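It should be emphasised that the depicted structure is a prediction, and the values quoted were computed from it without experimental measurement. In what follows, residues are counted from 1 in the order of the sequence shown.
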Amino acid sequence: MSIELNRRSLVNGAVAVAGATALSPLLAACGGGGSGSSTRRKGGTNTKKGAAAALPAYVPSTAVQADIPSTTGAAGAVTDPGFLKYPASPVKSVQGTPGAGGSYTTLTPLWGTIPAAGNPFYKAVNKALGATLTMKPANGVTYDTTITTLTAARKLPDWVQLPGWWNATFKVGELCGTQLADLTPYLAGDKAKKYPNLAALPSGAWAAGMWQDKLYGIPSFATGFGLPGQYFYRGDVFAAKGIDAGDVKSCDDLLALGKELTDAKGNVWAFDDLWPYIFQVFDFAEKFAVTDGKLVHKYEQPEFIEALNWCYKVAKSGYVHPDALAGNNNDAKTRFYAGKVLVTADGTGAWNGADAQAGIAADKNYRRASFTPFSADGSKPPRLFLSASAGEFSYLNARLKPEQIEECLRIADYLAAPYGTAEYALINFGVEGVDYTLGASGPTPTKSGLANVQAQTFPFLATPVNVISNPDFPDVTKDRCAWNTAAAAYAYKPVFWNMNITVPQRYATADAGQAVEDTVKDVYHGIKPVSAFQDALSTWKGSGGGDALVAWYQANVLDKLGTGQ
């Protein structure tokens, strides 16, 4: 099994609880909710020059060779490597013992059963680290309350995980430099080479943990090619019907396919909810685009209206499953597995061995596949904006002494050991023969492993770059890696990519745009006409504070700091 599969199930649940959108794992890069008018106050974002000076040097790891190496696409995108089987002979990537006998308290979120304190797995890891990490995972559902209570009392532990989707709630920008330690003196530039596994993390992931030209966050679950999601189809059904998905090169082609696939009397519809990633087809911005030096919010882009018009048309076509039109997204995977829906939108992490297993349980011929990216009219290449390179970060307490910070960074370097190394095996699977057994498909957890290891804690402090690995389903890994390689050619960095921006509290409602989003949902579900969106947009721009929000971003971010690219 892969760490990616396990952690994604936890994180996806966390995002759902937090109410974060698929478009913004960092909540569109919002930081603390200070009321100041400048991003340079209370932990604002970075200057291009300042960020470049603070970023750790990037030195890719060569400790383990992947079966499917990473490929480089447009805009510096680097795809996650693929492993068709778990490496048979784990190598060591860390020489010596990282710890110096120190003791540190930690706090991480956990969406599941919390392991017993001081369990044998924790003890085994501490022995290997040469230090004592007192692991105290807390309920992920109420983690936001747990953290805010601790920060208010200034009682944060020595090492804490702060998921990026809660940056605004935690006011991370205000905590940086006050309660959270500045890591710039230890990791900037070539200093990071002291910690080779940390230096192997993508630069974008480190940038996403920076505040006001200084480095604070240690990224977890980083990637060099992050997309919010993609469009999938039932590859087995298409093959049985003789349909070549490569023929879908425009929205007209897709809509025509909808007619061919839909059999309402047979309880089969072509489409589930298509809106979540429609921006990849119509090319409207994640949040902002820049035209002639001026910020243009996505709501005001012509492409946004075009996409809304098309999705309204699809909703009225009769090709969308009724439950999807009713907003029932909880059963979307079940509909897809059962063949009641043949085209669906989902996060990139949906394409994995666990999905294949669940799909095959419903239909032995099940195979998930994904459309080659295409543009709305098919006349120009598609454009896929990159999502944040990491959405979760751990932080060290500002009260730690320099020698303690250095010890913790050595420990983090151990935790970030690449997939397939001896260190990775210990951190993610535990002790062989106790927490897992090693077979042809890689590590299989024992009862102890399920209780103490798979309820992940250490990976929320630091991890290596993501990999794609599904030992029991190598074709899934091959298909996903091939799609990523093709899609990476269309990648681009959106405006304010990987930037943490502290938005004044007075603009919070306009920034969320909830009233507009609610209307947008009604439109793409076919409940309200597109004119309803235009009315909501007019209100948002004026009394809703939208124009003031855009003006603030223009004056305080774009004009002063640029786009982050």
Side-chain angles (χ1 to χ4, degrees), residues 22 229-284 299 301-346 350 368-379 382 516-537:
Q230 62 199 95
Y231 289 108
F232 296 102
Y233 63 91
R234 282 289 298 266
D236 55 311
V237 176
F238 275 43
K241 291 178 175 291
I243 298 172
D244 184 355
D247 291 337
V248 177
K249 299 178 180 179
S250 70
C251 283
D252 286 344
D253 293 340
L254 187 59
L255 192 57
L257 189 60
K259 182 177 181 180
E260 182 178 352
L261 294 175
T262 299
D263 177 12
K265 292 183 179 179
N267 200 24
V268 176
W269 282 265
F271 306 127
D272 213 286
D273 196 340
L274 296 182
W275 177 262
Y277 310 115
I278 200 66
F279 54 81
Q280 294 180 337
V281 179
F282 281 88
D283 192 22
F284 60 83
Y299 293 155
Q301 288 187 263
E303 294 84 357
F304 191 92
I305 289 284
E306 292 170 9
L308 207 51
N309 268 306
W310 187 78
C311 285
Y312 179 82
K313 181 180 179 180
V314 173
K316 292 296 188 181
S317 69
Y319 307 151
V320 183
H321 195 286
D323 287 350
L325 291 177
N328 177 7
N329 295 322
N330 291 332
D331 295 331
K333 278 187 170 60
T334 301
R335 294 192 289 267
F336 191 63
Y337 293 151
K340 295 180 180 179
V341 163
L342 302 177
V343 177
T344 190
D346 209 336
R368 181 183 289 266
S370 186
F371 290 100
T372 299
F374 59 88
S375 63
D377 63 7
S379 66
V516 181
E517 293 295 328
D518 290 342
T519 303
V520 166
K521 184 181 294 185
D522 284 341
V523 174
Y524 68 72
H525 283 161
I527 298 171
K528 292 181 179 179
V530 177
S531 60
F533 161 73
Q534 294 167 324
D535 292 341
L537 174 61

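Contact check for W275 versus V314: no side-chain heavy atoms found under the 4.5 Å cut-off. For the pair D247/L257, no side-chain contact is recorded, criterion being any heavy-atom separation below 4.5 Å from C-beta on. At least one side-chain heavy atom of L254 sits under 4.5 Å from a side-chain heavy atom of F371. Annotation: side chain of V281 is in contact with side chain of C251 (closest heavy-atom distance under 4.5 Å). Here the side chains of L261 and V268 are not in contact, with every heavy-atom distance at 4.5 Å or above.
In plain terms, the two heavy atoms of V341 and H321 that are nearest each other are CG2-CB, 3.6 Å. Taking all atoms of both residues into account, the shortest heavy-atom contact from D272 to V320 is O-CG1, 4.0 Å. Contact record, Q280 with Q230: OE1-CA, 3.9 Å, taken as the closest heavy-atom pair. Residues A324 and D273 come closest through the heavy atom pair CB-N, 3.9 Å. Across all non-hydrogen atoms, the minimal contact from Y299 to F533 is O-CZ, 3.5 Å. Heavy atoms only, all atoms of each residue included: Y231 and I278 are closest at OH-N, 2.9 Å.
With rounding to the nearest 0.5 Å, the separation of CG in L325 from OH in Y524 is 10.5 Å. For the atom pair OG1 of T344 and CZ of R368, the computed distance is 7.0 Å after rounding to the nearest 0.5 Å. Between Q534 atom CD and T519 atom OG1 the span is 11.5 Å, to the nearest 0.5 Å.
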Practice task
Kindly indicate, with the supporting measurements, whether the criterion side-chain contact (heavy atoms from CB on, under 4.5 Å) is fulfilled by W269 and D323.
Solution key: CA-CA 11 Å; W269 282 265; D323 287 350; over 6 Å; no

Exercise for the section: Output, in order, the C-alpha distance, side-chain angles, deciding distance and verdict of side-chain contact (heavy atoms from CB on, under 4.5 Å) for K313 and L255. Expected result: CA-CA 9 Å; K313 181 180 179 180; L255 192 57; 3.6 Å; yes

Exercise for the section: Show your reasoning for whether side-chain contact (heavy atoms from CB on, under 4.5 Å) applies to N328 and R335. Expected result: CA-CA 11 Å; N328 177 7; R335 294 192 289 267; 4.1 Å; yes

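Classified by interplanar angle (parallel below 30°, tilted 30° to 60°, perpendicular above 60°), the ring pair F304/F284 is perpendicular. Between F282 and W310, the ring planes lie tilted relative to each other; the angle falls in the 30° to 60° range.
If you check the side chains of S379 and D377, you find a donor sitting under 3.5 Å from an acceptor.
A donor-acceptor pair is defined here as one N or O able to donate and one able to accept, closer than 3.5 Å; such a pair exists between the side chain of T262 and the backbone of A270. Formation of a donor-acceptor pair under 3.5 Å by the K316 side chain with backbone atoms of G526 is found in this model. Formation of a donor-acceptor pair under 3.5 Å by the R234 side chain with backbone atoms of Y337 is found in this model.
Applying side-chain contact (heavy atoms from CB on, under 4.5 Å) to V343 and the options F232, F271, F336 leaves one that passes, F271.
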